[in-house]
Engineer: 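Right, I'll just put the structure down here and ask away after.
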Amino acid sequence: MTITFKKIEQKWQLEWERKKAFEVKEARGKKKFYVLEMYPYPSAGGLHMGHALNYTIGDIQARFRRMQGFNVLYPMGYDSFGLPAENAAIKAGEHPKKYTNKAIANFMKQQSYLGLSYDWQRKIQSHDTDYYKWNQYFFLKFLEKGLAYRKKAAVNWCKKCDSVLANEQVHNGKCWRHTDTEVETKQLEQWFLKITDYANELLNNVDKLDWPERIKIMQKNWIGKSHGTEIEFEVANKNKVVLVDAVHCLVDAEGKVNQELRTYLDVLGNKKIVLTNAPKENHKVFFKNIDYEIFTLENKPNKKNPDYYEKVLKKFNLGANDVIYFEHDKESAESAKSVGINTLFYQNKVGEVKEFVNNALNQKWSIFTTRPDTIFGVTFMVVSAQHPRLFELVTKEQKSKVEKFFKKVKSIRQEEVEQLDKEGVFTGSYAINPLTNEKIPVWVGNFVLADYGSGMVMAVPAHDQRDFEFAKKYNLKIKEVIKGGNSNINEKAYVGEGVLVNSGKFNSIDSRKAIEEITKHLQSKKLGEKQIQYKLKDWLISRQRYWGTPIPVVYCDECGIVPVSESQLPVKLPDKVKFGKGNPLATNKQFVNAKCPKCKGKAQRETDTMDTFFDSSWYYLRYCDSRNKKQPFDKKKVEYWMPVNQYIGGAEHACMHLIYARFFTKVLRDLKIIGKIDEPFIKLFNQGMLHGSDGFVMSKSRGNVINPLDIIKKYSADILRIYLISVAAPDSDYAWSDKGIEGVSKFVNKIINYFNNIKFGKSSARIESKLHKAIKEITDDIDNFRYNLAVIKLRQLFEVIESEKYLSKGDAGNFLKLLSLFCPYIAEEFWHKIGNKTLISLENWPKADEKKIDDKLEHVDNLVDKVIGDINNIVKLIKEKQNKVAEKCYLYVLPSEFVNYNNNLEKIKKRTNIQVQVFAVNDKNKYDPNEKANKAKPGKPGIYVE
RNA sequence: GCAGGGGUAGCGAAGUGGUCAAACGCAACAGCCUCAAAAGCUGUUCUCUUAGUGAGUUCGGAGGUUCGAAUCCUCCCCCCUGCACCA
């Protein structure tokens, strides 16, 4: 009687379904266990081997926990919104919904072949209105809380598509559909979620997670917290012309020089015009070293008359906005103001010039640094070429150079950025070092990020390698301010710690301490403060595509942005749309035209849809109560099932889905939509990558793809399952091997063969010992995802079982239970065949009986193995040396060990293939022609072969 | 460059202080079975040596700690993965 795999697979699938074996309900008294695999995108290609591995790993865990007595929630669903369905729609003309539903049906069929023990009642699909309705609901909640907002952002734009592209649609800087068209960066209004509000908690909680270390580190780096100091630098707008009155500029009433004004005139790189009627030598003293122009109007003009200023502006062809003016006389100042000139009526008050210049030239630039201790070494500043305020800094003289540079930077593709040389151009502006009052040139550079910190950095070439390279290239000053180690700042920046030099009153302080001290000093002068920066940016969720959740807001001509009211949800995705150019929603009038919920006036619907990562950020909560029509889920049910005890999926989601989902959980907790659940996934397991037999990633173009269905057809689902997890540890990468699955197939067939011809009887002590040891070790191995080792132990156990005459029914059942995790179909089948009416899938996991584990038996087995090896070796040698064929072998053993060997006669015979006889050494009647009995030692019998 | 994970016999892959020439699988070789092949069963597979012995050299390389190291420490080389000029 043999087994037809296909038959038993169908039989038990039906049986599981009929008995609702894997459907679960909350049961207060029962401990729960939530096993979850990352829900898949249902591609038309169906299941690939990576899926099969992923789900097998999860299913083994789910079956194990279920048998251990847990109330196991093990659901499946589909991440069914997204780009490929829309692409297919454009290409094949098939509606995304139809395409997706077909793909899901196919996925489900294939998954059921694999013997996965899902609770299918809980299935979810993110493209269902019943699901995405709640996306919209959550969005409104976020909006209410200020966690969703709209802001201008850079997006990928294709001219030919007339549309925004997702990052995935940009290939090598070109549009995926127009390979001749460079993707442009455009500034558009987009929706964001304020994930940065949670940056700190997301970071701190990482350490509490039982996740693979590398994922935790990836998340930490992604969030990227750094402590530093924000320092305010002043930079002048150099395009404004500075007008200064000359009559009273030199001294005040008491004859004191206005030193502050003088400093600023020196520092401001702007064009300076001194208005005067009668040039005096005094001017030269006051304006010493300052580049200025003298301007005199003829006919003794009256500076108190507004006409005067209009004439001045006209003369230089300037508008009132193009200049600022310093005037010491009140009446004159008022006149200048009356023609619209930004004028300071200066009165020698401390700080008045500074305040005025700050306001007039809009020139405060806060920069972020982790090394405020090096502030005395700042010799230039660098602003990002992508900075929106860049051109405020550029002077007329430098404009063409900067523009040229700007274009060059813009044309550089993402992939090239890595090997870029540091390059830049002088903007023409200068900044003022707040501690030294030194004048520092401001450059624009290609190595400064616009969206980190303030987009401008203070450059300390002596102590930062990037700044150093830049300084060397453009011959900028390098000023050493930290001494430490054998630093030689002519060759390389010294980035380590040390003692401050050339740093005024901070000299000889340790650099670490100086970070504190200088920050404190800046703080006291209101020039800076401690700051924490994150690399994490707010999450842009707007997508200009059809196949996603519509963002539930309208734009009213009167009221502006108005959220759709909750009672009107869902905003349904219209079925009838035209695919082609751009976002099909934008051209769908029925969809776009809406009533304003507030004023009932005309309004346009938002046509952007949500990033699909929004869908996957809470699906694990929906599984807890997936058919709830009134709420996203019942809070109590979520409280029962959450958090997920074991999450399983690929490492590629480390910084996207896994951060978003954590963020969502925290927000929903704070909105009191769920209880006090801080983290969604306690434990995470990353499966390894399964490569083709050539060692490369499986891909159609390489032709190394192995389809799970083909393997199931050829071998069976059980064989595929046990193969997938027995080659290597499930978290390490490995390559598919045809020979490997062949080997596993032999093993499974041996088991089938054995159970077809099984003879029940009392299990030997040897079997019992081995069985209970295996139970103990396999339990531990499964617990720790060492599936490969568990299979080895199962094989070794089977070897012992097979070598013995009888097996008890109970032990046969125990063996099948161990097997059932890996090979559920044949386990069910034989469980049934040996007379059980229950499902093995719902049986109790066997308990190891320590008392039955007998290490002595194992020790004897080892000794017998050794003797077998020795006998075979001798047989081989006498054949080679003496050309004699051995027929019989005699063992001479210590009397105390006689039983050990005599009990194993059959085994020895079988494995040496000759007759064997055992004598105790003290046996007077023993046959021992060569006196080999003398050689006998404990655990090592003497051997004679003839 | 930084961070993380690795480098183990022909290959895949266990093993983290002695019981290790190192599980298990594959491959190869030999024997049994068979008319024969496949399958199945049994054995062998670092080197030399040998009636089961003994000796030597191994776990990326070089040093070190230890009575004792694949396993601990230091330095170096190589591979993979992630981040990438984050100030």
Side-chain angles (χ1 to χ4, degrees), chain A residues 212-222 224-226 228-229 367-372 374 381-382 384 417-422 445-449 451-460 463-467 469-470 495 533-536 651-652 654-655 686 689 695 723 726-729 731-735 737-744 746-747 749-750 753 786 788-789 791-796 799 802 859 862 866-882 884-886 889 891 909-914 930 932 935 940-946:
Chain A
E213 207 49 40
R214 86 187 157 120
I215 303 290
K216 297 211 286 193
I217 287 164
M218 277 161 82
Q219 287 216 347
K220 281 187 190 171
N221 290 343
W222 188 259
K225 183 179 188 174
S226 46
T229 306
I367 63 94
F368 176 74
T369 180
T370 53
R371 293 295 301 272
T374 62
M381 310 289 285
V382 190
S384 167
V417 168
E418 294 164 25
Q419 309 98 324
L420 270 189
D421 265 353
K422 284 164 193 52
N446 62 354
F447 66 99
V448 177
L449 303 172
D451 52 5
Y452 183 79
S454 62
M456 186 191 275
V457 297
M458 63 177 220
V460 187
H463 306 293
D464 182 286
Q465 190 55 28
R466 293 158 300 183
D467 301 344
E469 284 167 32
F470 196 81
V495 297
Q533 277 286 337
Y534 295 96
K535 285 198 235 176
L536 185 74
E652 68 274 15
C655 295
N686 283 136
M689 279 273 281
Y723 168 73
S726 64
V727 181
D731 56 352
S732 62
D733 298 351
Y734 66 94
S737 154
D738 291 330
K739 299 271 182 174
I741 193 153
E742 197 63 47
V744 169
K746 283 178 192 172
F747 170 57
N749 280 306
K750 258 192 257 179
N753 203 27
R786 294 185 300 246
N788 54 329
L789 302 186
V791 171
I792 287 170
K793 278 152 202 167
L794 197 67
R795 288 179 101 121
Q796 288 169 339
E799 209 171 281
E802 208 191 8
H859 179 66
N862 286 339
K866 256 192 191 150
V867 166
I868 291 168
D870 287 346
I871 296 169
N872 281 318
N873 191 13
I874 295 168
V875 169
K876 195 178 103 196
L877 284 172
I878 63 169
K879 195 180 174 194
E880 282 168 10
K881 303 256 157 161
Q882 302 166 23
K884 274 202 287 190
V885 177
C889 138
L891 299 181
K909 268 186 210 165
K910 191 181 171 194
R911 289 175 52 187
T912 55
N913 215 14
I914 56 175
N930 270 18
K932 293 287 185 187
K935 282 210 163 186
K940 196 167 172 61
I943 302 170
Y944 175 68
V945 170
E946 61 179 22

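Naming convention: chains lettered A, B, ... in sequence-line order (proteins, then strands); numbering from 1 in each chain.
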Engineer: Which residues pass the side-chain hydrogen bond (donor to acceptor under 3.5 Å, both in side chains) test with A/Lys793, sequence neighbours left out?
Structural biologist: A/Asp781
Engineer: So, taking the atom named CD in A/Glu802 and the one named CZ in A/Arg795, what distance separates them when rounded to the nearest 0.5 Å?
Structural biologist: 11.5 Å
Engineer: From C-beta outward on A/Lys881, which listed nucleotide comes closest to its side chain: B/A27, B/C85, B/U50?
Structural biologist: B/U50
Engineer: Please classify the nucleic acid contact of A/Val382 as base, sugar-phosphate, or nothing, using heavy-atom distances under 4.0 Å.
Structural biologist: nothing
Engineer: Look at A/Tyr452 and B/A87 and indicate whether a side-chain polar atom (N or O) is within less than 4.0 Å of OP1 or OP2.
Structural biologist: yes
Engineer: Picking from B/A51, B/A14, B/G52, which would you name as closest to the side chain of A/Tyr944?
Structural biologist: B/A51
Engineer: For the pair made of CD1 in A/Ile792 and P in B/A23, what is the distance, rounded to whole Å?
Structural biologist: 11 Å
Engineer: For nucleotides 43-45 of chain B, give me every protein contact, N/O to N/O, under 3.5 Å, one pair per line with atom names.
Structural biologist:
unit_1	atom_1	unit_2	atom_2	d
B/G43	OP1	A/Arg911	NE	2.2
B/G43	OP1	A/Arg911	NH2	2.7

Engineer: Can you measure A/Leu877 atom CG to B/C48 atom P for me and round it to whole angstrom units?
Structural biologist: 14 Å
Engineer: To the nearest Å, how far apart are A/Tyr723 OH and B/C26 P?
Structural biologist: 12 Å
Engineer: At under 4.0 Å between heavy atoms, which parts of nucleotides 54-59 of chain B does protein reach? Answer with one letter per nucleotide, 5' to 3': B base, S sugar-phosphate only, - none.
Structural biologist: ------
Engineer: Give none if B/C35 has no partner; otherwise give the nucleotide forming a Watson-Crick or G-U wobble pair with it, both distances under 3.5 Å.
Structural biologist: none
Engineer: At under 4.0 Å between heavy atoms, what does A/Val448 touch on the DNA or RNA strands: base, sugar-phosphate, or nothing?
Structural biologist: base
Engineer: Relative to the 5' end of RNA chain B, which residue comes earlier, A/Ile217 or A/Gly942, by the nucleotide with the nearest heavy atom?
Structural biologist: A/Ile217
Engineer: Counting C-beta onward and ignoring hydrogens, is there a side-chain heavy-atom pair between A/Asp731 and A/Asn686 closer than 4.5 Å?
Structural biologist: no
Engineer: For B/C85, which nucleotide in any strand shown is its Watson-Crick or wobble partner with both distances under 3.5 Å?
Structural biologist: none
Engineer: Who is the Watson-Crick or G-U wobble partner of B/A51, with both distances under 3.5 Å?
Structural biologist: none
Engineer: Using a 4.0 Å heavy-atom cut-off, does A/Gln465 contact any base of the nucleic acid, only the sugar-phosphate backbone, or nothing at all?
Structural biologist: nothing
Engineer: Ignoring the backbone of A/Val727, work out which of B/G52, B/G12, B/C85 is nearest its side chain.
Structural biologist: B/G12
Engineer: Heavy atoms only: give me the nearest A/Asp421-A/Asn446 pair and the separation to one decimal.
Structural biologist: O-ND2, 2.9 Å
Engineer: For B/A13, give the paired nucleotide (Watson-Crick: N1-N3 plus N6-O4 or O6-N4; G-U: N1-O2 and O6-N3; both under 3.5 Å), or none.
Structural biologist: none
Engineer: Identify whether any heavy atom of A/Arg795 sits under 4.0 Å from a base atom; if not, whether one sits that close to sugar-phosphate; answer base, sugar-phosphate or nothing.
Structural biologist: sugar-phosphate
Engineer: Which part of the nucleic acid, if any, lies within contact of A/Lys739, taking any heavy atom under 4.0 Å across all strands shown: a base, the sugar-phosphate backbone alone, or nothing?
Structural biologist: sugar-phosphate
Engineer: For A/Gly453, answer base if it contacts any base atom (sugar-phosphate contacts may also be present), sugar-phosphate if it contacts only those atoms, and nothing otherwise; contact means non-hydrogen atoms under 4.0 Å.
Structural biologist: nothing
Engineer: Could you check which of B/G52, B/G12, B/U81 has an atom nearest any side-chain atom of A/Arg214?
Structural biologist: B/U81
Engineer: Output all residues satisfying ring-ring contact (aromatic ring centres under 6.0 Å, His included) with A/Phe447, sequence neighbours left out; order by chain, then residue number.
Structural biologist: A/Phe470
Engineer: Which residues pass the side-chain hydrogen bond (donor to acceptor under 3.5 Å, both in side chains) test with A/Tyr452, sequence neighbours left out?
Structural biologist: A/Ser226
Engineer: Quick one: list whatever passes salt bridge (charged side-chain N to carboxylate O under 4.0 Å, His left out) with A/Lys909, sequence neighbours left out.
Structural biologist: A/Glu906
Engineer: Tell me every residue that passes salt bridge (charged side-chain N to carboxylate O under 4.0 Å, His left out) with A/Arg911, counting only those two or more places apart in sequence or in another chain.
Structural biologist: A/Asp865
Engineer: With a 3.5 Å limit on both atom pairs, tell me what B/U57 is paired to, counting Watson-Crick and G-U wobble, or say none.
Structural biologist: none
Engineer: Taking only residues two or more places apart in sequence, or in another chain, which ones meet A/Asn749 in a side-chain hydrogen bond (donor to acceptor under 3.5 Å, both in side chains)?
Structural biologist: A/Ser745
Engineer: Pick the nucleotide of RNA chain B nearest each of A/Ser737 and A/Val457; which residue has the one closer to the 5' end?
Structural biologist: A/Ser737
Engineer: Hunt down the Watson-Crick or G-U wobble partner of B/A28, both distances under 3.5 Å, from any strand shown, or write none.
Structural biologist: B/U44
Engineer: Looking at B/G4, which nucleotide sits across from it as a Watson-Crick or G-U wobble partner, both distances under 3.5 angstrom, or is there none?
Structural biologist: B/C80
Engineer: B/A87, B/A51, B/G15: which one has an atom nearest the side-chain heavy atoms of A/Ser226?
Structural biologist: B/A87
Engineer: Using a 4.0 Å heavy-atom cut-off, does A/Pro941 contact any base of the nucleic acid, only the sugar-phosphate backbone, or nothing at all?
Structural biologist: base
Engineer: Are A/Lys422 and B/C85 close enough that a side-chain N or O sits under 4.0 Å from OP1 or OP2?
Structural biologist: no
Engineer: Quick one: list whatever passes salt bridge (charged side-chain N to carboxylate O under 4.0 Å, His left out) with A/Lys940, sequence neighbours left out.
Structural biologist: A/Asp870
Engineer: Can you list the residues that meet the salt bridge (charged side-chain N to carboxylate O under 4.0 Å, His left out) rule with A/Lys225, with sequence neighbours excluded?
Structural biologist: none
Engineer: Dump every N/O contact between nucleotides 39-41 of chain B and the protein below 3.5 Å, one line per pair.
Structural biologist:
unit_1	atom_1	unit_2	atom_2	d
B/C41	OP1	A/Lys750	NZ	3.2

Engineer: A/Arg786 has an atom CZ; how far is it from atom P of B/G25, in whole Å?
Structural biologist: 19 Å
Engineer: Closest to the A/Ala728 side chain: B/A23, B/A13, B/C85?
Structural biologist: B/A13
Engineer: Decide yes or no for A/Ile871 and A/Ile874: does some side-chain heavy atom of the first lie under 4.5 Å from some side-chain heavy atom of the second?
Structural biologist: no
Engineer: My understanding is that only residues two or more places apart in sequence, or in another chain, count here; which of them pass side-chain hydrogen bond (donor to acceptor under 3.5 Å, both in side chains) with A/Glu742?
Structural biologist: A/Tyr715
Engineer: Within the structure provided, determine whether A/Val945 and A/Ile878 are in side-chain contact (heavy-atom separation under 4.5 Å).
Structural biologist: yes
